[in-house]
Each structure stands twice: as structure tokens, then as C-alpha cells.
Amino acid sequence: MSAFANIVAGGVFHAAVLFLVAAGLQLVFGVQKIVNLACGSFYALGAYFGITFIGYAHQFGVSEWLVLPGLIISGLLLGFIGPPIERVLRTVYDRDESFQLLLTFALVLMFQDVFKFVWGANPRSLDSGYLIYGTISTGDFGVPVYNLLVIAAAIAVAAGLGHFLQRTNYGRILRATAENRAMAEALGVDVRRIYSDVFTLGAVLGTTAGALVVPTAAASLDMAIEFVVEAFAVVVIGGLGSMRGALAGALIVGLIRAFSILLYPELEVLAIYLIVVAVLIFRPAGLFGRTLA
């Protein structure tokens with residue numbers, strides 16, 4: 001029973017990080033109708049920059065107890081990459097989806113070279129911070145408090161995004177723009193600013209997720225591609241453009257991954273994509289997606 005609880009705790013932690021990336025992907029697609037392959041690169045950038053940021057913070061005498069807020073700040077600081085990348089994407093908004101995929105995949109390749117140039121080809125890790133907050137243990141069951149804090153942060157983000165999109169005037173404008181861009185423009189909405197803000201928010205969610213994961217995993221060149229594979233599994237399972245779908249899909253993928261790693265690690269990706277195939281066959285729009293007429 002304790003082993004089962006440990007697996008579930010690890011799966012939920014991975015799901016929390018995965019949700020942040022998938023939420024950004026869902027938000028960008030929902031409003032801008034762009035499938036952003038570069039979301040995995042934002043995640044990797046957050047991981048690399050988070051390690052560097054915390055390293056410099058320690059040199060200036062910042063307490064290790066501030067690792068978590070420091071990582072969140074490092075992810076937020078990377079928001080400056082959003083507007084210039086969104087300006088590049090403006091060239092393909094009204095073109096075929098293949099152009100959008102090619103351009104965002106080109107961004108992935110360029111980010112890979114940036115990572116090699118700035119941080120090198122070897123994996124980077126954060127030596128401290130993971131267990132500084134302690135561990136909650138009961139018998140054979142144990143979970144680091146840091147993991148629980150990250151899970152709590154993801155839940156807070158989910159609740160905050162839900163409130164923002166449903167209860168605020170700006171959120172209503174975002175949803176109106178997503179439904180009918182031409183009508184929103186006719187009513188005086190600055191759609192370009194909306195798109196820039198949404199893309200920046202999506203990028204920040206990805207970079208913050210990458211920063212939060214580095215106390216538990218090394219930053220490497222492979223992580224961008226590996227994570228985007230899982231992120232797309234999440235959106236297919238949950239439904240493109242659905243924030244509830246992102247949360248449900250992240251939980252499903254996180255738990256399947258955790259159990260697969262324990263039982264048969266070689267089937268980790270296969271197990272996830274068997275679920276994806278089943279969803280595509282029996283519910284093509286995803287668990288919470290809307291079927292298009």
C-alpha cells in the first residue's frame with residue numbers, strides 16, 4: 001500500500017508540472033489557434049535558467065529556504081521572450097497549419113542551439129533545494145514537502161486561470177476573441193495585444209514549470225522534445241483548447257507514466273500513447289473538447 005501511495009505521489013507531482021506546460025499550450029491554441037511545438041523549449045529554458053539563477057542567488061548569500069520562490073521568480077523573468085516570438089508567429093496566423101507547425105518546430109531547433117551555446121551539451125542539475133523543506137513520512141510512505149508545494153502551486157494556477165478566464169472582464173475579452181476574432185476587432189478589441197499577452201502567459205507557464213522541476217531532475221538537451229511529446233498527449237486526451245482537459249489529461253499521463261516506470265520502464269511512452277489512440281478512436285475531440293460541426 002505504501003508503494004502504491006509513493007507511485008501516486010510521484011505521478012501527481014509530474015502531472016502538476018505537466019499541467020503548467022499543457023495549460024500554456026491550451027491557452028495559446030484556444031485564443032490564437034496555433035499549435036505551439038516550442039512549448040517544450042520554453043520548459044527546458046526555464047530549467048536551465050532556473051539553475052543559473054539559483055546558482056547566482058546562492059553566491060550572493062540568499063538562503064536555500066528561498067529556493068522555491070527563487071525558481072518561480074526565474075520562470076517569471078523569462079516572460080520577456082513572449083512578445084518577440086509572438087511577433088514572429090504573426091506571419092503565419094492566417095496561413096495553413098503546416099506553416100505554423102514548421103515555424104514553431106524551427107523555434108525548437110534554434111532553442112536547442114541556444115542551450116548548447118550557453119549551457120553546453122552536458123546535463124545541468126541543482127545540487128541543493130530539493131529536501132531543504134523536509135519530507136513527510138508515514139511508515140514506508142514518504143513524500144518531499146517540495147513536491148507538495150509544487151502540486152499546491154499547480155492547483156493554485158488552475159484555480160487562478162479558471163477565475164481569470166470566467167470572472168474577469170479581460171478573461172471575457174479573451175474568450176470572445178477566441179470565439180470570433182473578426183467580431184472582437186470590429187468591437188474595438190486590440191487583438192494584437194491580446195495575442196501578445198496570451199502567448200507571453202503561455203510562455204511563462206512553460207518556463208516556470210521547467211524551473212520548478214530542476215530540484216528533482218537535471219536539465220538536458222533531450223528534455224524539450226521529451227516533454228512536448230507528453231504535453232501533446234495531455235491535450236489530445238483532455239481536448240484541444242480545454243483547461244479542464246489539460247488538468248485531467250495531465251493527471252492521466254502523470255499517473256500512467258509513474259506506474260509504467262515502476263512496472264516496465266521501456267513501455268513508458270507506449271502506455272501513454274495507447275491511451276491517446278483509444279481517445280482518438282472513441283472520443284476524437286478529447287474528454288473535455290468540443291466536437292466541431
Side-chain angles (χ1 to χ4, degrees), residues 16-47 49-50 53 69 71-90 92-93 100 103-104 107-108 111 150 152-179 181 184 189-213 224 227-228 231-232 234-235 238-247 249-250 288:
V17 176
L18 188 55
F19 165 73
L20 294 176
V21 178
L25 183 62
Q26 295 280 47
L27 192 62
V28 169
F29 177 82
V31 177
Q32 299 172 253
K33 302 300 183 287
I34 280 196
V35 179
N36 179 25
L37 291 176
C39 64
S41 297
F42 297 155
Y43 171 77
L45 178 62
F49 184 73
F53 185 85
L71 289 171
I72 293 174
I73 290 171
S74 72
L76 296 176
L77 288 176
L78 289 172
F80 75 90
I81 68 172
I85 293 178
E86 189 274 332
R87 285 183 176 273
V88 174
L89 293 176
R90 287 180 187 176
V92 294
Y93 280 154
Q100 301 173 4
L103 182 53
T104 54
L107 290 173
V108 172
F111 271 112
V150 171
I155 294 173
V157 168
L161 282 174
H163 177 80
F164 169 69
L165 293 173
Q166 299 294 329
R167 303 295 182 183
T168 66
N169 289 333
Y170 198 71
R172 296 186 183 99
I173 292 173
L174 289 185
R175 290 189 287 118
T177 305
E179 289 292 334
R181 173 185 172 182
V189 175
D190 187 349
V191 173
R192 287 193 171 189
R193 181 185 172 187
I194 293 289
Y195 279 11
S196 180
D197 291 347
V198 167
F199 191 84
T200 300
L201 178 57
V204 165
L205 287 171
T207 56
T208 303
L212 289 175
V213 83
F227 214 78
V228 79
F232 273 93
V234 168
V235 299
L240 271 171
S242 169
M243 204 59 66
R244 288 185 301 165
L247 184 58
F288 292 94

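Quantities reported herein were computed from a predicted structural model and do not represent experimental measurements. Basis for what follows: all heavy atoms, side chains included, without hydrogens, waters or symmetry-related copies.
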Strictly distance-based, threshold 3.5 Å: is any side-chain N or O of [X] a donor or acceptor partner for the main-chain N or O of [Y]?
X	Y	answer
R175	L165	yes
T207	G75	yes
Q26	S242	yes

Kindly compute the distance separating [atom1] ([X]) from [atom2] ([Y]), expressed to the nearest 0.5 Å.
X	Y	atom1	atom2	value
L89	Q32	CG	CD	7.5 Å
I73	L78	CD1	CG	12.5 Å
I81	F111	CD1	CZ	4.5 Å
L25	L20	CG	CG	12.5 Å

Quick one: side chains of residues 190-203, donor-acceptor pairs under 3.5 Å with protein atoms, not counting sequence neighbours, listed by atom name and distance.
residue : atom : partner : partner atom : Å
D190    : OD1  : R192    : N            : 3.4
D190    : OD1  : R193    : N            : 3.3
D197    : OD2  : Y170    : OH           : 2.4
T200    : OG1  : S196    : O            : 2.8

Would a 4.5 Å heavy-atom cut-off, applied to side chains only, mark [X] and [Y] as touching?
X	Y	result
T208	L71	no
K33	Q100	no
C39	V228	yes
V35	F232	yes
V204	F42	no
R172	N169	yes
L205	V21	no
F29	V235	no

